[in-house]
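Indexing begins at 1, ligand by ligand and atom by atom, following the structure's order. For clarity, every value in this text was computed on a predicted model and none was experimentally measured. When reading the values below, keep in mind they use all heavy atoms of this one structure, side chains included, and skip hydrogens, waters and symmetry mates.
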Amino acid sequence: MSDLTPSARPAWTARLIRPQTDLGVGERAPFVRQTFTLDSVPADAELRISAQGLYRCFINGQRVGQDLLTPGWTSYQDRLSFQTYPVESLLRSGENVIDIWLGDGWFRSQMLWKKIAQVNTWGDQLGAIAEIRSAAGVLLATDHTWRSGLLPILKNGIYFGEDFDAREATLTASAGCSVDETFALATLIPHETGAVRELEALAPAAHFFDAEGRSVYDFGQNIGGYVAFTVDGPRGATVVVQHAEIVDADGVFNNTNYRSARAELHYTLKGDGPESYRPHFTFQGFRYARVSLPAGVRMVSIEAVPISSATRRTGWLSTGHALVNRLVENTLWSQRGNFIEVPTDCPQRDERLGWTGDAQVFAPTACFLFESHSFWVKWLRDVMADQRPDGAIAHFSPDPTRGHEDTAKGFFGSTGWGDAICLVPWALWTHYGDRAILQETFPAMRRWVDFVWSISNGPIVQPPRQWGERGFSFGDWLQPGGPTEKPVPTIGDDASATIYLYISTALTARIAALLGHEADAARLADRAAQVKAAFQHEFIAPSGRLVYDDQTSYALAIVHDLIPAHLLPAARRHFKATIARAEGRIGTGFIGTPALLPALVKIGEPELAAAVFLQEEVPGWLYQVKRGATTIWERWDAIRADGSVFDPAMNSYNHYAYGAVCQWLFEGVAGLRPDADRPAFRHVELSPVIIPALSPVQAAHDSLHGRIEAGWTVDGDAVRYTVTLPPGCTATFRPGAGQADVVVDGQAAANAGTGPVELADGRHVITFRLIG
Ligand code: BGC
């Protein structure tokens, strides 16, 4: 039923009901119940169900499905997902009982931090709506006759964690329910992507007792998920589990970076032999769990259970460099831990939000590593729902500040972040050939680029410095500024904003042409040309130096062809000088970093790109791996060279943004680039960047057309590049600078072995020599 088009989907008979036992946010959790009788059980009996808050459903005591955190998280004002489950196997002839447990969830538990922390974001009362149908008709539907009661869940929240009293496990539905006729049934939509599910559990890799004698379990991997344990002990004893991503330099359990997220589990035993528990309505971001066991309580077993919406892996990349392999592994885990219903910035602190900037830089990598098409489509629909009337895109979606602008002002409209509305659909077109999402998001894209133009009513964007002011921009967030006593230049907000106005305007023009919107295509192409010319006039000196003279400026301007050809040689020199000034290290933040290495390769500096990528000092990708990271850090210097921890006020150890370098490992190093003119890897551009220190490199990607493989080995100056293309796929091999004598499947390439070479599907062996 769920895959039926809206008009074909049967109208809801059920009504949203609210339990009279609902004590409000942060109180003991309610449930609703109905007892109903069936003469017989139809084979096609199907439950469709949703809730305001989170739900977990049981029929005759058996849990329905294995999905987590249902109905999920969307911009609840406009969109509320429902799930559909076949329930024939759970029903029986005669009396049946259905229970729907309700948790505070994203709907009303704490959202945001510090002064802007809020509860009841989308409503202060929980509700459930459910019906069981078969072709013969409706067998059951939520209405005023349902009963309600209280759960053994004493308190729960996404950031808070969960308090569970097993002594209260026997459920009594002693109160009623009321029907909320004001609830908009039209907001109900089938859940648009795969469910959040448990992944393979992790056993403790190590265990130690801290100074207070508490057990600290190290699961060896930073995850988004929860612990599951079995304890044995006296009735009424309460086990407390705390979580942390790190132990500090002194080996002390440290979760100060969680800020106001309590992120704890409190389990009170019923005390009749071993009893197992895992939370229902929360998750944590952690590697370590610290357990306080009262006297007489024994930990029988404990494991860490990662949860994620990213369940089908589609990308593999290995090299001969252990730190680089771990970096790829860390990116995978950061995607798993931040793909929990929504693409979030982090899974541990009082944030965990669908930040648009992080999403736009990471989307291409995400599409390589995991099947994430519908995941992004769902999120883009929330981004569109949260778009402001003047076209501004929210900083994060679903947006808990929408409708709460009195307390959380101006969380929208930043260049580099809002551009996700153009760049993420483009990644879905390039990776999956999804024309429909381009069509669906095009109006929102156009409104966005018109909004950015309107910030300063012209091609040069002058963002105000003040957070919350219209057009405020994050610039190149977390761009390293060098030592405070002798800072290095960083990009100005006006330059980064103007560059992104160009990027999105040019892209939206291209998409308009692709969709046949000729007038828009012409208008926006013209505007993009204006922005480019204005950028060159405003930010490029006649000497070829970019005015802010920082790595991000050169990287973005080079990747997006904003530098006039005659000034490129000079700009190239200045760019290299910015790297030398940083002693060969990174000088870019969230938006500059994905462009840094591709820009160096583009100006014919693959060795310099390799050197910046492979250096192991801070700031650098491999520094954090060397320091034992198992996910990608938010900050380059989350843990300093002296082992001290950076200010916990904003220091997450699980942010995927800097993992966007994996796009370059696939497209640059392995040379496996999708072609936007023949998307979904129907045609592949092959231009490997050979970095001998990484040999052998092997990449594989399960595209819509099948598995593509590309890998190379180097022996002296001889490279052997092997490519396998699935049926119906073609490719073009384009040797890069310093690659010569190309031989493909034993045939010397044209143009004196400098190619390009067109390849049909199948396996190909390409050899060439590294020169110069
Ligand atoms: C978030 C980032 C976000 C940034 C923008 C941070 O708090 O964690 O993901 O991109 O704010 O300012």
Does any non-hydrogen side-chain atom of C346 lie less than 4.5 Å from one of E634?
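Contact flag for E634/C346 side chains = no.
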Side chains of E245 and N257: donor-acceptor distance under 3.5 Å anywhere?
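Note: E245 and N257 side chains meet the donor-acceptor criterion.
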Would you kindly say whether R381 and T74 are connected by a side-chain donor-acceptor distance under 3.5 Å?
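No, no side-chain donor-acceptor pair sits under 3.5 Å.
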Can the positive tip of R336 be found less than 6.0 Å from the middle of the six-membered ring of W333, inside 45° of the ring normal?
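Flagged: R336 positioned over aromatic ring of W333.
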Taking the six-membered ring of Y623 as reference, does the NZ or CZ atom of R585 fall below 6.0 Å from its centre and within a 45° cone about the axis?
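No, R585 and Y623 do not form such a contact.
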Verify side-chain contact (heavy atoms from CB on, under 4.5 Å) between D494 and F539, making sure each step is shown before the conclusion.
CA-CA 9 Å; D494 51 356; F539 298 110; 3.6 Å; yes
Show the atoms of ligand 1 that are less than 4.0 angstrom away from any heavy atom in [X].
X: E634; answer: 8 (O)
X: D358; answer: 2 (C), 3 (C), 9 (O), 10 (O)
X: H655; answer: 1 (C), 2 (C), 8 (O), 9 (O)

Please verify whether a non-hydrogen atom of F396 lies at under 4.0 Å from ligand 1.
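Checking ligand 1 against F396, which is what was asked, there is no heavy-atom contact under 4.0 Å.
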Is the shortest distance from a heavy atom of R349 to ligand 1 less than 4.0 Å?
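Per 4.0 Å heavy-atom rule, R349 contacts ligand 1.
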Of the protein's non-hydrogen atoms, which lies at the shortest distance from [atom], and what is that distance?
atom: atom 7 (O) of ligand 1; result: E351 OE2, 2.6 Å
atom: atom 4 (C) of ligand 1; result: W477 NE1, 3.4 Å
atom: atom 5 (C) of ligand 1; result: W355 CZ3, 3.5 Å

Taking atom 12 (O) of ligand 1 as the point of reference, which of Y656, F590, F474 owns the nearest heavy atom?
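Checking each option, the heavy atom nearest atom 12 (O) of ligand 1 is found in F474.
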Would R388 and E405 satisfy side-chain contact (heavy atoms from CB on, under 4.5 Å), going step by step from the backbone distance to the final call?
CA-CA 12 Å; R388 296 317 199 259; E405 280 82 0; 3.1 Å; yes
